[in-house]
Each structure stands twice: as C-alpha cells, then as structure tokens.
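Remarks on the structure that follows.
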Amino acid sequence: MARYEPDPARAKLFRDMALSAEAQAAILAKDLKSAPTFSPSPRSRITVLLLGIFGPRAMRHVLSASKVRGVSVYRGKVADEGHPMPTSVEDVGRRHKNYGSGTLRAGVFGVNDGLVSNTLLVMGVAGAGTSPSVILLTGVAGLLAGAFSMGAGEFISMLSQKEMFEHQIAQEKDELERYPKEEAEELALIYEARGVPLAEARHIAKHLIENPEKALDTLSREELGLNPDELGSPLGAALSSFVTFSIGASLPLIPFVFGYADHGILIASIISGTALFCVGAALSLFSGRNAFIGGGRMFAIGAAAAVATYYIGSLFDVAVS
C-alpha cells in the first residue's frame, strides 16, 4: 500500500501501520512453540498485483475485504470535503449516527429499475404489433423475472456482505482484547493521516479504547472502512427489492390489466412518464439539485429510451393477433 500510494501522508500511514502489524505479529508469535515461515497467499499476491495496476483508492473495497488497515482514509480529505475530524469521543459518536436515508434511496431506485425496464419491454413488444393480451403477458413475465432476479441478487449480495462484516468485526474484537494499546496507536495514526495532531489523535484514541463497545465500532469503521450499521437483513433486503421493483414494473401494465386495450400504449406512456418525472424529482432529494430539473431529465431519458425500443420493436412487425 505504501509503495503504490502517491500521497506522502497516506504512504507514511501505511508504513506505520505495517510496523504496528509486525509488532502485533510478535505478540501472537509468543503464543506459538515455533514461529512459522511466512508466505503470502495467492490472494495476497493477486491483490498486490492489482494494486500496482489500479492504485489503492480504486482497490479500497477489495482491501477492506482482505482486512487491510487504514483504507478508511480514502473517504476523502478532511479539508476537501468539509468533513471535520472528531475532537472528542462524543464527536465520534455523533458522526457515526445512521439516519436511514440509504434505505429510502434504495427503495426509490428499486421502483425506478422496475418502471424503466418494464416500460421499455412493453414498448418494444407493442412496437412489434402484438395484441394487448400478449403485451400484458410479456409485461407480467418481465415483472416477475425482474423482481425475482433483483430479490435473489440482493439476498446473495447482502448475505455475503453480512458474513464478511461479521467475520472481520469478530477478528477486530479478538485483536482489541489481545493488544488494546497497539490498536489505539493504529487508530491514532489514521486520525493523524486525516489532519489531527498526533498527540491529540492519541488522546482521542486512548479514550475510545477505554470503552470496548465504542472502540470496536470505531475500529471497524476507521481501520477497516466497515459500517456495522449496514449489516442489515439479507431476507429483508431481498423482499424490499422484490416489492419496490414490482411496484415500478406494474405501472405500465395498469391500462392492460383494467381492459383499456384500445388506448393502452397511450395510457401506459402517460402513467410511466409521470412516474419517471416523480422518481427523478425524488432522487433530487439525495443529490440536492432542483426537483423539476431532476424530474425533467429522468423523463427525457426514459422517453428517449421508450421511443427507441418501440421503433426497434416495429422493425420486427410480427403482428400477432
């Protein structure tokens, strides 16, 4: 990490962290009858190779999974992002609160995914000249396929993340119990790399380590770049993805479900266009941009994609009755 890190302060952090890791290894070696010969694993060798190609910042998620210390410094420089370093234990606690906006944001994106994908599917099939019943059947199939795919994918993703977090947090807990002073020094080095004077950083770290629960939470975040609050429930995430995708995907099917076949495409276009604008406006809550601009942009992108798929579908002109 130090070899491939261009920033001198961060490179120094990783050199110091390497020395600290050696000191911790020496403590563990005392419990062994004979010190084993160290040989990097194939995974470690591949990670180092990729570090040389892509650099540490691009590899930070892989490094977190490998339990590399200090990757949290890639959240951004304090001065650049206006994210002040904590000056007390209370500051750390306030900074790590979770306000739950991620769940709302994920829900909005789930609706958007279902809405866009199924609207384009319906438009493409309609452009081919198929009957309303075929359009409805295709739309329902697209809804179910997409919803189950999203749900299954989210379940596997969340389960893998949860298992990784739990494993690494358990390791961190064991290390905190074995050598708390060394863990405090590592935490102080990370804060120093972010702009806190070393003496002050050590003072903060010392007080954090005195509270084992808060210390474990902070070490998980600052050393490993993990957020224990994001463990979540794989089943809950899967159900949420399934439901939100289904809601969005069902909107373009409304006119066909209720028998408005004669003007189904027109009605579906109006419903989907209105929904796209609302989704774009909702996403502006997270980006801070103007709601009308966000909604209009989403509407324009969706409309262009719908026209393209309708035209491509018309090239097939299957005219199924």
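Side chains included, hydrogens not; waters and symmetry mates left out as well; all remaining heavy atoms used.
Side-chain contact between Asn112 and Phe245: absent, with no pair of heavy atoms (C-beta onward) separated by less than 4.5 Å. Within the 4.5 Å cutoff, side-chain heavy atoms of Arg10 are placed close to those of Arg57. Residues Phe299 and Thr274 form no side-chain contact, since every pair of their non-hydrogen atoms from C-beta on lies 4.5 Å or further apart. Here the side chains of Leu253 and Ile135 are not in contact, with every heavy-atom distance at 4.5 Å or above. Looking only at side-chain heavy atoms (C-beta outward), Arg45 and Leu49 stay at 4.5 Å or farther from each other.
Note on Phe54: it clusters hydrophobically with Phe14, by side-chain heavy-atom contacts below 4.5 Å among ILVMFWY residues. The hydrophobic cluster containing Leu115 also contains Ile271, counting ILVMFWY residues as joined when their side-chain heavy atoms lie under 4.5 angstrom apart, directly or transitively. With hydrophobic clusters built from ILVMFWY side chains whose heavy atoms lie under 4.5 angstrom apart, Val125 shares a cluster with Leu143. The hydrophobic cluster containing Leu266 does not contain Val122, counting ILVMFWY residues as joined when their side-chain heavy atoms lie under 4.5 angstrom apart, directly or transitively. Cluster membership check: Leu137 does not share its hydrophobic cluster with Leu121, using side-chain heavy-atom separations under 4.5 Å among Ile, Leu, Val, Met, Phe, Trp and Tyr.
Judged purely by atom type and a 3.5 angstrom limit, Ser241 has no side-chain atom pairing as donor or acceptor with the backbone of Ala238. For Ser314 (side chain) and Tyr311 (main-chain N/O), a donor-acceptor pair under 3.5 Å exists by modelled atom type. For the pair Ser240 (side chain) and Gly236 (backbone), a donor-acceptor distance under 3.5 Å is absent. Counting only distance, with no hydrogens or angles, the side chain of Ser117 and the backbone of Asp113 share a donor-acceptor pair below 3.5 Å.
Summarising the geometry of Leu251 relative to Ala275, their closest heavy-atom pair is CD1-CB, 3.7 Å, with the distance given to 0.1 Å. Here the closest heavy-atom approach between residue Met59 and residue Leu51 is recorded as CB-CD2, 4.1 Å. Contact record, Glu5 with Ala11: CG-N, 3.6 Å, taken as the closest heavy-atom pair. Nearest heavy-atom pair, Thr119 versus Pro252, reported as atom, atom and distance to 0.1 Å: OG1-CG, 3.6 Å. Listed here is the closest heavy atom pair of Ala188 and Ala205: N-CB, 4.0 Å.
One finds the OG1 atom of Thr138 at 10.0 Å from the CZ atom of Phe256 (value rounded to the nearest 0.5 Å). For the atom pair CE (Met17) and CG (Leu19), the distance works out to 11.0 Å, reported to the nearest 0.5 Å. A distance of 12.5 Å separates CZ in Arg15 from CE in Met1, rounded to the nearest 0.5 Å. Here the OG-CG distance, from Ser20 to Asp16, works out to 9.0 Å after rounding to the nearest 0.5 Å.
Counting heavy atoms of neighbouring residues, nucleotides and ligands inside a 6.0 Å radius, atom OH of Tyr4 exceeds 12 of them.
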Inset, instruction - Show your working on side chain to side chain contact (heavy atoms under 4.5 Å, CB included) between Ser269 and Met123 and close with a plain yes or no. - result: CA-CA 9 Å; Ser269 300; Met123 291 300 171; 2.9 Å; yes
Inset, instruction - Mind running side chain to side chain contact (heavy atoms under 4.5 Å, CB included) on Ile267 and Ile254 for me, showing each step along the way? - result: CA-CA 8 Å; Ile267 298 173; Ile254 290 176; 6.0 Å; no
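Ring geometry, Phe292 versus Phe277: the interplanar angle falls from 30° to 60°, so the pair is classed tilted.
Side chain to side chain, Ser41 and Ser44 meet the donor-acceptor criterion of an N or O pair below 3.5 Å.
Partners of Ser250 by side-chain hydrogen bond (donor to acceptor under 3.5 Å, both in side chains), not counting sequence neighbours: none found.
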